[in-house]
Protein chains: 2
Amino acid sequence: MGVVERREREKERKRNTMLDAAESILMDRGLEHLSMDDVAEKAEVSKGSLYLYFQNKNDLVLGICYRATHLLNESFRKVLDSNLSGLSLVRELGETYLHYVKNHPQYYSSMKFLDNLHSTREGTDSEYLQLCTQNRQEGFRLMVEAIQRGMDDGSIKQELPAEQLALLFWSTSHGVVTISYMHQNYEHFKLLDRIGMKEEDMFDAYMHILSHGFAQQTHES
Amino acid sequence: MGVVERREREKERKRNTMLDAAESILMDRGLEHLSMDDVAEKAEVSKGSLYLYFQNKNDLVLGICYRATHLLNESFRKVLDSNLSGLSLVRELGETYLHYVKNHPQYYSSMKFLDNLHSTREGTDSEYLQLCTQNRQEGFRLMVEAIQRGMDDGSIKQELPAEQLALLFWSTSHGVVTISYMHQNYEHFKLLDRIGMKEEDMFDAYMHILSHGFAQQTHES
DNA sequence: TCAATAAATGACCGGTAGTCATTTTATGAC
DNA sequence: GTCATAAAATGACTACCGGTCATTTATTGA
């Protein structure tokens, strides 16, 4: 009776111990130097045990990615708690995303890993893939909500459905954040320096362009 | 005398043969299933020979990436040849990028590989890394040129330096193109479908937002 | 013809993801 | 407590892959 339950709890606890070990290695050495042998050693279990709790390495990394996406969503939710205008909320979400990448680059790398998971074949049966996808959907939903609020309070145009505008904000901010990540983490990426743009200014400029456009207004507008 | 020259030409020819083999495997099986053994077999040389012509696997992939960036730049140059307004040129560049990703997804994956090359350590001494970086700079330069033309002909606002605006267009279009790539190539990526947006419409919406902004204009504007 | 040099080879190494036969541990009936 | 059964854990092993290097083969020019 209670035995099965206790076993289940214990299993979850062990799973988290393993994830802790994996995360610790990720933070120290980066995703590309994360090996299953090292995780097993760090978690003080055998390699075989690792595969009792995770289907494969993908699954393990997605386990970390689940934590990563969850943390990002929590930050997003805090933004949505405020009473700012919808437009300001959108800006805050973007800045939150940017800060997240700056403060948790290794978590972000696990999200890039999720983005690069190719065919469904590679991880179809991973529960964590489902959870990560759910988290990403939730993050997107929060963006939609911010935009919808902006449309309601009159700070954002209603030319497009909120979902579609959210997709554009999502994807474009993804691009900007990627540039920022590369600037932070890749020593050979010097584009910002070359054009004499500071990282902080980039986001301001991005939000300005996204808010007001870069096309010269024609008179009949 | 002529012997050294001939040797040099012959060496270049062989290098290209190996790149052809690698590219063929890339197109057939994708970057993640590209092994040096297979390339050697396909190119009908020994594995050791491969390492006489390329420093390591990174170098080889960057060799393909060089071709990839070169091809993209050629497409960009064709756009710049036209007499469209600067604003239209920018749109055309974006559409060109989008079509490129759709038509050459494996080339694009090699460019993603370039983007993900971490420290300088991993490929500092690769000639191809230099060449790829040069190509990317050239692509960026073409974007700057289009925007500069738009500022000159009055179709694009002059609020920001052309280079900075180009960076924003570069990064945001990168984000949009990434979404498109995922929609095309990852079966588990269903975001576009879920919000009922067609891929073709996404780019139009993107250019519209980027041109005119999504913020409701205030009256004192 | 013959050194000397350049080019090519493939057996081999180290590391890593993943497997599985075997061992160890936990459980519950008696 | 004993024991049979089932669950959990183990680590030696395989397959594969990137990269190396001592050896072999081909080329050159005297």
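Small disclaimer: the values here were computed from a predicted structure and weren't measured. Residue numbers begin at 1 in each chain, while the letters A, B, ... track the order of the sequences.
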Take the protein atom [atom1] of [X] and the nucleotide atom [atom2] of [N], then report the distance between them rounded to whole Å.
X: R15(B); N: dA7(C); atom1: CZ; atom2: C1'; result: 14 Å
X: L60(B); N: dC17(D); atom1: CG; atom2: P; result: 15 Å
X: E10(A); N: dT25(C); atom1: CD; atom2: P; result: 15 Å
X: E41(B); N: dG10(C); atom1: CD; atom2: P; result: 12 Å
X: L50(A); N: dC20(C); atom1: CG; atom2: P; result: 17 Å

Exercise. Restricting to pairs with a member in residues 54-80 of chain B, which pass salt bridge (Lys or Arg N to Asp or Glu O under 4.0 Å), not counting sequence neighbours?
Worked result: D20(B)-R67(B), E23(B)-R67(B), R77(B)-E138(B)
Exercise. Roughly how far apart are L167(A) CG and H174(A) NE2, rounded to 0.5 Å?
Worked result: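 Between L167(A) CG and H174(A) NE2, I get 12.0 Å after rounding to 0.5 Å.
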Could you tell me which residues satisfy ring-ring contact (aromatic ring centres under 6.0 Å, His included) with [X], sequence neighbours excluded, listed by chain and number?
X: F113(B); value: none
X: Y51(A); value: none
X: H99(A); value: none

Who are the side-chain hydrogen bond (donor to acceptor under 3.5 Å, both in side chains) partners of [X], not counting sequence neighbours?
X: K42(B); answer: S24(B)
X: D38(A); answer: R29(A), S35(A)
X: K112(B); answer: N116(A), Y186(B)
X: T172(B); answer: Y206(B)

Exercise. Which atom names give the shortest non-hydrogen contact between S110(B) and C65(B), and what distance separates them?
Worked result: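 Closest approach of S110(B) to C65(B): OG-CA, 3.4 Å.
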For nucleotides 6-9 of chain D, list the nitrogen or oxygen atoms of the protein found under 3.5 Å from its nitrogen or oxygen atoms, one pair per line.
from: dA9(D); atom 1: OP1; to: K14(A); atom 2: NZ; distance (Å): 2.4
from: dA9(D); atom 1: OP2; to: Y53(A); atom 2: OH; distance (Å): 2.7

Exercise. Where along residues 17-29 of chain A does a heavy atom come under 4.0 Å from DNA chain C, residue by residue in number order?
Worked result: none
For this session: For each nucleotide in nucleotides 12-19 of chain C, reading 5' to 3', give B when a protein heavy atom comes within less than 4.0 Å of its base, S when such contact involves only the sugar-phosphate, and - otherwise.
Result: -----BBB
Exercise. How would you list, by chain and number, every residue that makes a side chain to side chain contact (heavy atoms under 4.5 Å, CB included) with H183(A), sequence neighbours excluded?
Worked result: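 By the side chain to side chain contact (heavy atoms under 4.5 Å, CB included) rule, H183(A) matches F189(A), L192(A), D193(A), E199(A).
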